[in-house]
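Letters go in sequence order (proteins before strands), and every chain restarts at 1.
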Protein chains: 2
Amino acid sequence: MSRWEPDAGGRLREAALELFATTGYEATTVAQIAARAGLTSRTFFRHFPDKPEVLFAGSDTLEQKMVAALRAAPLEASPRRALDDALDVAVALLSERADFARRRHHVIAANPALLERETMKLARLSTALATALHERGVGQRPAAMAAQAAVAAFGVAFDQWAREPGANLRRLVEENLDLLVGLVRDK
Amino acid sequence: MSRWEPDAGGRLREAALELFATTGYEATTVAQIAARAGLTSRTFFRHFPDKPEVLFAGSDTLEQKMVAALRAAPLEASPRRALDDALDVAVALLSERADFARRRHHVIAANPALLERETMKLARLSTALATALHERGVGQRPAAMAAQAAVAAFGVAFDQWAREPGANLRRLVEENLDLLVGLVRDK
DNA sequence: CTAAGCGATGACACAGTGTGTCATCGCCTC
DNA sequence: GAGGCGATGACACACTGTGTCATCGCTTAG
C-alpha cells in the first residue's frame, strides 16, 4: 500500500474534464477539481502550471511526435509529403483516443479561455513544424506558410470529425488541402 | 476644466505599453498601469475586461473593417479577390500607425500570455472572414480554408514587416499567398 | 437658479489563481 | 534502522477580476 493513490495527474485530468463538462469551465474552481481527485489545490499546481493546462498536457506529446515524423521523412521529399507524414501521426493518435478527444473538444469549444489556449497550442505546433521544415532546407517563409496550411487543414478537419462520429479524419485533411490550392490559385 | 483628465482609456493604453516594454508584461501589475495613468486599478477594469485586452482593443475595429470590405466586394468576385480587398484594408490601417504597431508587436512577441491573446484574435478574425465568405455562397469548409490561408499570409507578412522597417507589407502578403499554392500543390 | 439625474471615478470587500516555504510521512537505500 | 528522497499538506501572500456603495462634477428639466 502506498501512502497516496497512484497517478495523481491522471485523476486531476479526469476530475477536471468531468467538472468542466457538467458545471462549466469558469464556474469550477481548482479547489473543487483537487478535492474530487482527493488532493489540495496546491498539489494541482504542482502537476499543471495553470488551470487550463490540465486539458492540454497531451498536446505537447502530439507536437513532439509530429515533428519527429516530419524529421524522419526522406530528405528529398517535398514539404507537402513531409507534412503528410506528420499529419498521419496526428490522425493515428487522435483516432486511438477518439472518445476522449471528442469529449475534450466539446468542453474546449464551449469556453473562450480554453479556446484561446487551444488556438495557441495549434500555433505552437505550426511554429514547430515550420522550424523542422526550415532545418530540412526549406526557406523560412515557405516553411511557415506550408506548416500553417497543414495545421489549418487539420484543424478544420478535426472540427468536422468531432461532430460526425463516422467521418474519416485523414480523408478530411487531404480534401481540405486540395481545396486550398484551388481557392488561393484562382484569382 | 473637467473633473478628470480626458481619455482615460488612451492614457491606460499608453502607460501599459510603456511599462510592458520596460518592465515586462508579467512583472507589471494593473495597479502600476493605473497609477501611471493617474487612476485606480478598479477603473482599469472598467475600461478593459482584463489585463491583456489593454493592448488589443483596436483589433476588433480591424476585424470589423476587414469584414465590411469583404462584404463590399462584388458578388461575382472569387474568394481570393474578395479576401484581397479585406487584406488591403488591414494593410492600410497598419501602415497608418506603423510605429505604434511595431512597438506593440515587439511587446507581444516577448510575452507568452500576450502571444496567446494575439493568436486568438487572429483566429477570431479568420472565423469572421470565413463566415462572411460563407454568406456570399462559398461552402463552409472552403470558406474556412480560404480565410485561414489569408490570415496566415497576413500574419507571416506582418511578422517580417515588423522587423524590416522598409518592407512593403502588401507585397509580402501577396508573395506568401503565391508561395502557398506551389507548396501545397506539389506533392 | 436650483435640484434631480447621470456618468466616471474612488474605496472597500471578497472570491479565485498562482507561488514561496516549511513540515510531514511513507518508501528506498545503505 | 538511520537518513535521504519525493510527493503532499498547511499556511501565508501577491495579483487578477467583480460587486457594491459613495462621491463629485456636469447636464438638463422645471
Side-chain angles (χ1 to χ4, degrees), chain A residues 1-20 22-57 60 107-108 110-118 120-121, chain B residues 1-20 22-57 60 107-108 110-118 120-121:
Chain A
M1 273 296 252
S2 66
R3 182 173 171 202
W4 300 284
E5 295 306 309
D7 192 21
R11 271 152 48 215
L12 287 168
R13 254 192 298 275
E14 185 55 31
L17 191 51
E18 289 166 10
L19 287 173
F20 291 166
T22 58
T23 321
Y25 172 74
E26 302 284 356
T28 91
T29 70
V30 169
Q32 290 167 1
I33 300 170
R36 170 179 277 239
L39 297 166
T40 65
S41 57
R42 187 66 187 86
T43 297
F44 177 97
F45 288 110
R46 285 198 182 94
H47 286 269
F48 306 100
D50 58 25
K51 184 178 167 184
E53 201 61 17
V54 71
L55 287 185
F56 295 93
D60 296 340
V107 169
I108 290 173
N111 292 283
L114 295 175
L115 215 49
E116 194 160 333
R117 181 63 57 95
E118 169 89 327
M120 187 59 188
K121 291 286 183 180
Chain B
M1 269 299 251
S2 65
R3 182 174 169 202
W4 302 284
E5 295 306 308
D7 192 21
R11 270 153 47 216
L12 286 168
R13 254 191 298 276
E14 185 56 30
L17 191 51
E18 288 167 9
L19 286 173
F20 292 166
T22 57
T23 319
Y25 173 73
E26 302 284 357
T28 92
T29 71
V30 169
Q32 289 167 2
I33 299 169
R36 172 179 277 239
L39 298 164
T40 66
S41 57
R42 187 67 187 86
T43 297
F44 177 96
F45 288 110
R46 285 199 183 95
H47 287 267
F48 306 100
D50 59 25
K51 185 177 166 185
E53 202 62 16
V54 71
L55 287 185
F56 295 93
D60 297 338
V107 169
I108 290 173
N111 292 284
L114 295 176
L115 215 48
E116 194 159 333
R117 182 62 58 94
E118 168 88 329
M120 186 62 189
K121 290 285 184 180

Quiz prompt | Pairs meeting criterion salt bridge (charged side-chain N to carboxylate O under 4.0 Å, His left out) with involvement of residues 31-46 of chain B, two or more places apart | solution = Glu18(B)-Arg36(B)
Quiz item: What integer distance in Å separates Glu5(B):CD from dC26(D):C1'?
Solution: 16 Å
Quiz prompt | Options dT8(D), dT9(C), dT16(D), nucleotide nearest the side-chain atoms of Lys51(B) | solution = dT16(D)
Exercise. Could you tell me which non-hydrogen atom of Val107(B) sits nearest to which non-hydrogen atom of Leu55(B), and how far apart they are?
Key: CG1-CD1, 4.1 Å
Self-check item: Atom-to-atom span, CG of Leu39(B) to P of dC24(D) - whole angstrom
Solution: 17 Å
Exercise. Could you identify which residues of residues 41-48 of chain A place a heavy atom less than 4.0 Å from some atom of DNA chain D, listed by residue number, or say none?
Key: Arg42(A), Thr43(A), Arg46(A), His47(A)
Quiz prompt | Under the side chain to side chain donor-acceptor pair (under 3.5 Å) test, residues paired with Asp60(A) that sit two or more places apart | solution = Lys121(A)
Exercise. For DNA chain D, determine which residues of residues 24-36 of chain A have any heavy atom closer than 4.0 angstrom to one of its atoms, and list them numerically.
Key: none
Quiz item: Taking only residues two or more places apart in sequence or in another chain, which ones pass side-chain contact (heavy atoms from CB on, under 4.5 Å) with Tyr25(B)?
Solution: Phe20(B), Lys51(B), Pro52(B), Asn111(B), Ala113(B), Leu114(B)
Quiz item: Where do Ala37(A) and Arg11(A) come nearest, in terms of heavy atoms and distance?
Solution: O-NH2, 2.6 Å
Practice problem: Give, for atom CG of Leu17(B) and atom CG of Leu12(B), the distance between the pair rounded to the nearest 0.5 Å. | Solution: 12.5 Å
Taking N or O atoms only and anything under 3.5 Å, show me the protein contacts with nucleotides 4-6 of chain D, one pair per line.
none

Quiz item: Once you round it to whole Å, what is the distance between C1' of dT16(D) and CG of Leu12(B)?
Solution: 16 Å
Exercise. With heavy atoms under 4.0 Å as the rule, sort Gly9(A) into base, sugar-phosphate or nothing.
Key: nothing
Quiz item: With Asp50(A), which residues qualify under salt bridge (charged side-chain N to carboxylate O under 4.0 Å, His left out), at least two apart?
Solution: Arg117(A)
Self-check item: side-chain contact (heavy atoms from CB on, under 4.5 Å) partners for Ala35(B), two or more places apart
Solution: none
Exercise. Measure from CG on Asp7(B) to C1' on dG7(C) and round the result to the nearest Å.
Key: 16 Å
Quiz item: From the list dT8(D), dT9(C), dG10(C), which nucleotide is the closest neighbour of the side chain of Thr40(B)?
Solution: dG10(C)
Quiz prompt | Approximate separation, where rounding is to 0.5 Å, of Glu118(A) CD and Ile108(A) CD1 | solution = 4.5 Å
Quiz item: Residues two or more places apart in sequence or in another chain: which of them pass ring pair (Phe, Tyr, Trp, His ring centres under 6.0 Å) with Phe48(A)?
Solution: Phe44(A)
Self-check item: Minimum-distance pair of heavy atoms, taken over all atoms of Ala57(A) and Arg13(A)
Solution: CB-NH1, 3.6 Å
